[in-house]
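Structure provided below as structure tokens; questions to follow.
Letters A, B, ... mirror the listed sequences (proteins, then strands); counts begin at 1. Since we're looking at a predicted model, the values are computed, not measured.
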There are 2 protein chains.
Amino acid sequence: MLTDAHASVLRLINQFGPLSRTELVGQLGISKASMSALAADLIDRGVLAEGEIVYGAGRPSVRLELSPNSAFFVGVSLATSPFTLTLTDLRGGVLSATELSHGAGPAAIVAEIAAAIADLLASHPQAHGRLAGIGLAVPGVVDAATGTCVRSTLLDWRDVPIGSCVAEATGFPAYVENDANALALGEHLFGSLRGCDHATMIAVGDGIGCGHIINGELHRGARGGAGEIAHATVEPGGLPCQCGKRGCLDTLASVRSIAAAARAAGLDCGLAALDSAANRGERAAIDILHGAGAALGLAIAQIVQSLDPARLVVGLTDGPVEGLFARVIRQTVEANVMPDDARRLDLTITRLENQAWAVGAASIAAGRGFFRV
Amino acid sequence: MLTDAHASVLRLINQFGPLSRTELVGQLGISKASMSALAADLIDRGVLAEGEIVYGAGRPSVRLELSPNSAFFVGVSLATSPFTLTLTDLRGGVLSATELSHGAGPAAIVAEIAAAIADLLASHPQAHGRLAGIGLAVPGVVDAATGTCVRSTLLDWRDVPIGSCVAEATGFPAYVENDANALALGEHLFGSLRGCDHATMIAVGDGIGCGHIINGELHRGARGGAGEIAHATVEPGGLPCQCGKRGCLDTLASVRSIAAAARAAGLDCGLAALDSAANRGERAAIDILHGAGAALGLAIAQIVQSLDPARLVVGLTDGPVEGLFARVIRQTVEANVMPDDARRLDLTITRLENQAWAVGAASIAAGRGFFRV
DNA sequence: CTGCTTTGGTTCAGCGAACGAACAAACGTC
DNA sequence: GACGTTTGTTCGTTCGCTGAACCAAAGCAG
């Protein structure tokens, strides 16, 4: 197995790209002797390979790079509709993405995952014997240590040991994580949060999900309930939410709620159409998008004040990333964060592809098996 | 120096009280051989001592306990008025607490600290040669790694390397931390958050401070700005705050703001008096306390939703811990946290003694030098 | 072309922290 | 008093890491 020292080498190379042994020695603070042995070992296992040779004064240095084909990971998203399944390599590259039927119970899902993986292995011979694990992104509260879904309203699950079921059915190690957490880890390892040790990822889709990277690690909270900002109250006494409370962020800023408000106002309910209407000056559209953006911006500002992340990414599954909604989010964050910090927060609003969830799920497996995140 | 293994032994004994070697082996997952050597070493250094002998079946076990007199720490609070300075032992026990003059510039403060420590050592011979470090709790943004205060509006400081100044003037290692963080770490090591790896401490005094313990460690954020909930917006468009924004938590729930609101309503401005007035049914008093409690409760609910702490302690420097203010805080938290989580959050509202800040500061030194927190 | 300098990377003996296994210690029990 | 049980120590070994010496591969000066 890989030691912690091995993992830190892989983390650094994944973060900064190919590095020479000497550069790694400088970053890790270990001796040249140890580094030499570590590199030899990792090359021996096929995880690293010698790449570009850099000429300077003295002996040229050899960059070490990740061998993408040394390990593969399957990611399953139960957070999207339909469920999706991807095969990725050690560098986060996507080799294949398929859809599963939005199946009935856990047993049917497990069977379908097993069948899909068998298909994948048949069509991707390079992955044979090198599938290192399966990651599962589940919408709801998850006990990552035991791989069980404690509670999911969307799936109508309660204490489902989905991890061990998948591991048993497939013969590969399976890891379970909350959907937003999987997304955050995926971005941390391979995406827009790469290398950022204090970051927050917020996904705005039908619902709103949030995952925090703290000190380079996923923050799950005391009972796996961290990041549940969808049901943070942003408007006391506001609209009733399905969770039983009132004025939750979810009732104001989720794509579902925005669409519902648009329908109630007699407007086309797509986010893009709504943004166009707002651009044409339609009052109702402006009000809806403004309300949603202000609510989300306020929630983000509170996160920034409380956690002080270096970077925060908002992923939108729908609508323009430069529209009124996004503009109001930015403005509200800037207006509600202490000036000194606001200038330093790196806030990105980007499009969130459907595939990102499954890639995030796969990165959970990569993180546990290789990068120790 | 102490290794990480040494520190984990000390952490466990500090958390659970005296433990036998065999119990420690079970908790730490190390071998009996290693544990035996570790214990011998720590006893040799005088940090641990053999205590109670427990008889059962087989050979009796010997509980190992912390020797309180093996190390002492000085804590300086620049967050209280006047500044305070305490001497504590390895178990967090307070041997002495003195007041410093609320001095002028950094240089004067450093000189006064050095003088106070010289006095302390003279009057406490048992601490001679065993003073392990000095902790400084500073109101404002702090770079804990370098021991500098980046910015403090209260002290009117900017980039003051107070840590190295104190270290140089006294000859002892000095550690600097934000005041609320120091308080949180103090409670984590020796107080009401002892042994709780996911916890939040909120101090309500003239201002409002907040420190998070995440994964057993202090969470400082990307730039030391974590926990700044005082200036989180809880009432968009509310009263103007000295920070330049509007509707900050500070403008509603700090003791200063409550007193100001009471004065404006023509009431006695002490929190205890206000609570009595509310009990007598005085409308204005009820409104003020209700508004303050609701604002703080809402902010707490948002923290709980985002971070999922196992325990959360609110420390009040003033007023009754069972009064209307506290009641409304509890109610608001319960009403604004998702039901499943609310039942599991351990929320305590307690009195915060002035001395706690300096004890927290001392615990920073204990944490760095001994417990590795 | 030949050595010298500079930097990158490897080899090797040694140290220290961890381990398993065997052993010694100190009780209750029959 | 022999025996089982549990606690704690001792001993030899392994393993990861280290510094120091060494080898390798370039540029560069003469």
Side-chain angles (χ1 to χ4, degrees), chain A residues 1-13 15-67 369-372, chain B residues 1-13 15-67 369-372:
Chain A
M1 260 295 92
L2 296 178
T3 67
D4 282 355
H6 287 139
S8 10
V9 170
L10 298 182
R11 264 200 308 274
L12 276 176
I13 294 182
Q15 175 172 346
F16 295 110
L19 295 171
S20 73
R21 292 169 176 83
T22 308
E23 289 169 319
L24 286 164
V25 162
Q27 291 280 328
L28 289 168
I30 61 176
S31 69
K32 291 203 292 177
S34 304
M35 188 61 241
S36 184
L38 280 175
D41 195 24
L42 285 166
I43 291 172
D44 211 52
R45 294 165 190 244
V47 182
L48 287 187
E50 300 197 327
E52 192 191 358
I53 296 178
V54 181
Y55 296 85
R59 175 173 169 176
S61 60
V62 182
R63 296 251 162 95
L64 299 172
E65 55 191 31
L66 294 176
S67 302
F370 281 79
F371 299 107
R372 298 284 167 78
Chain B
M1 257 296 94
L2 296 177
T3 69
D4 282 356
H6 286 139
S8 9
V9 171
L10 298 182
R11 265 201 306 273
L12 276 177
I13 295 182
Q15 176 173 346
F16 295 109
L19 295 171
S20 73
R21 291 169 176 82
T22 307
E23 289 168 320
L24 286 163
V25 162
Q27 290 280 328
L28 290 168
I30 62 175
S31 69
K32 292 202 293 177
S34 304
M35 188 61 242
S36 184
L38 280 176
D41 194 24
L42 286 167
I43 291 172
D44 211 50
R45 295 166 189 242
V47 182
L48 287 186
E50 301 198 327
E52 192 191 359
I53 297 178
V54 181
Y55 295 87
R59 174 172 170 176
S61 60
V62 182
R63 297 251 161 94
L64 300 172
E65 55 191 31
L66 294 177
S67 302
F370 281 79
F371 298 107
R372 297 284 167 80

Determine, step by step, whether A:Leu38 and A:Arg21 satisfy the side-chain contact (heavy atoms from CB on, under 4.5 Å) criterion, reporting the C-alpha distance in whole Å, the side-chain angles of both residues, the deciding distance to 0.1 Å, and the verdict.
-> CA-CA 10 Å; A:Leu38 280 175; A:Arg21 292 169 176 83; over 6 Å; no

Give the rounded distance in Å between these two atoms: CG of B:Leu28 and C1' of C:dA18.
-> 13 Å

For the base of C:dT7, is there a side-chain donor-acceptor partner from A:Arg59 under 3.5 Å away?
-> no

Separation of D:dG8 P from B:Arg63 CZ (nearest whole Å) |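 After rounding, the reported distance stands at 10 Å.
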
Would you kindly give the CD-to-P distance between A:Glu50 and C:dG8, to the nearest whole Å?
->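 Those two atoms, CD and P, are 15 Å apart.
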
Pick the nucleotide of DNA chain C nearest each of A:Gly58 and A:Glu23; which residue has the one closer to the 5' end?
-> A:Gly58

Given DNA chain D, 5'-ward residue of the pair A:Gly29 and A:Ile53, judged by closest heavy atom =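 It is A:Gly29, whose closest nucleotide lies nearer the 5' terminus.
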
For C:dT10, take OP1 and OP2 only and decide whether either is under 4.0 Å from a side-chain N or O of A:Ser36.
->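 For C:dT10, OP1/OP2 do have a side-chain N/O of A:Ser36 under 4.0 Å.
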
To the nearest angstrom, how far is A:Ile30 atom CD1 from D:dT18 atom P?
-> 6 Å

For A:Thr22, report the nucleic acid contact type (base, sugar-phosphate, nothing); a contact means any heavy atom under 4.0 Å.
->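 Sugar-phosphate, no base atom in range.
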
Report the C-alpha distance between B:Val47 and B:His6 in whole Å, list the side-chain angles of each, state the deciding distance to 0.1 Å, and finish with yes or no for side-chain contact (heavy atoms from CB on, under 4.5 Å).
-> CA-CA 10 Å; B:Val47 182; B:His6 286 139; over 6 Å; no

Between B:Leu64 and B:Leu42, does a side-chain contact (heavy atoms from CB on, under 4.5 Å) hold up when you go through it step by step?
-> CA-CA 10 Å; B:Leu64 300 172; B:Leu42 286 167; over 6 Å; no

Given C:dT7, C:dG20, D:dT18, which nucleotide is nearest the side-chain atoms of A:Ala57?
-> C:dT7

Please give, in whole Å, the distance from D:dC17 C1' to A:Leu24 CG?
->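 After rounding, the gap between these two atoms is 16 Å.
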
Could you walk me through whether A:Leu28 and A:Ser8 pass the side-chain contact (heavy atoms from CB on, under 4.5 Å) test, one step at a time?
-> CA-CA 8 Å; A:Leu28 289 168; A:Ser8 10; 3.7 Å; yes

Nucleotide D:dC28, atom P - distance to OH of A:Tyr55 in whole Å | 14 Å

A:Leu38 CG - D:dT18 P separation (whole Å) =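 Going from A:Leu38 (CG) to D:dT18 (P), I get 9 Å.
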
Could you tell me whether B:Ser20 contacts a base, only the sugar-phosphate backbone, or nothing, with contacts defined as non-hydrogen atoms closer than 4.0 Å?
-> sugar-phosphate

Base, sugar-phosphate alone, or nothing: which one does A:Ala5 contact when heavy atoms must sit under 4.0 Å apart?
->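 The residue A:Ala5 makes sugar-phosphate contact but no base contact.
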
When we call it a touch if two heavy atoms are under 4.0 Å apart, what does A:Ser61 touch: a base, just sugar-phosphate, or nothing?
->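 The answer is sugar-phosphate, as A:Ser61 gets under 4.0 Å only of primed atoms, P, OP1 or OP2.
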
Rounded interatomic separation in angstrom, taking NZ from B:Lys32 and C1' from C:dC23 = 10 Å

From the options C:dG9, D:dA26, D:dG8, select the nucleotide whose nearest atom is closest to the side chain of B:Arg21.
->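 The answer is D:dG8.
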
Nearest listed nucleotide, side chain of A:Ala33, among C:dT10, C:dC19, C:dT11 |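 It is C:dT11.
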
If you measure from CG on A:Asp41 to OG1 on A:Thr3, what distance do you get to the nearest 0.5 Å?
-> 8.0 Å

So, is A:Ser34 near the phosphate of D:dG16, with a side-chain N or O under 4.0 Å from OP1 or OP2?
->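 Answer no for this pair, as no side-chain N or O of A:Ser34 is under 4.0 Å from OP1 or OP2.
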
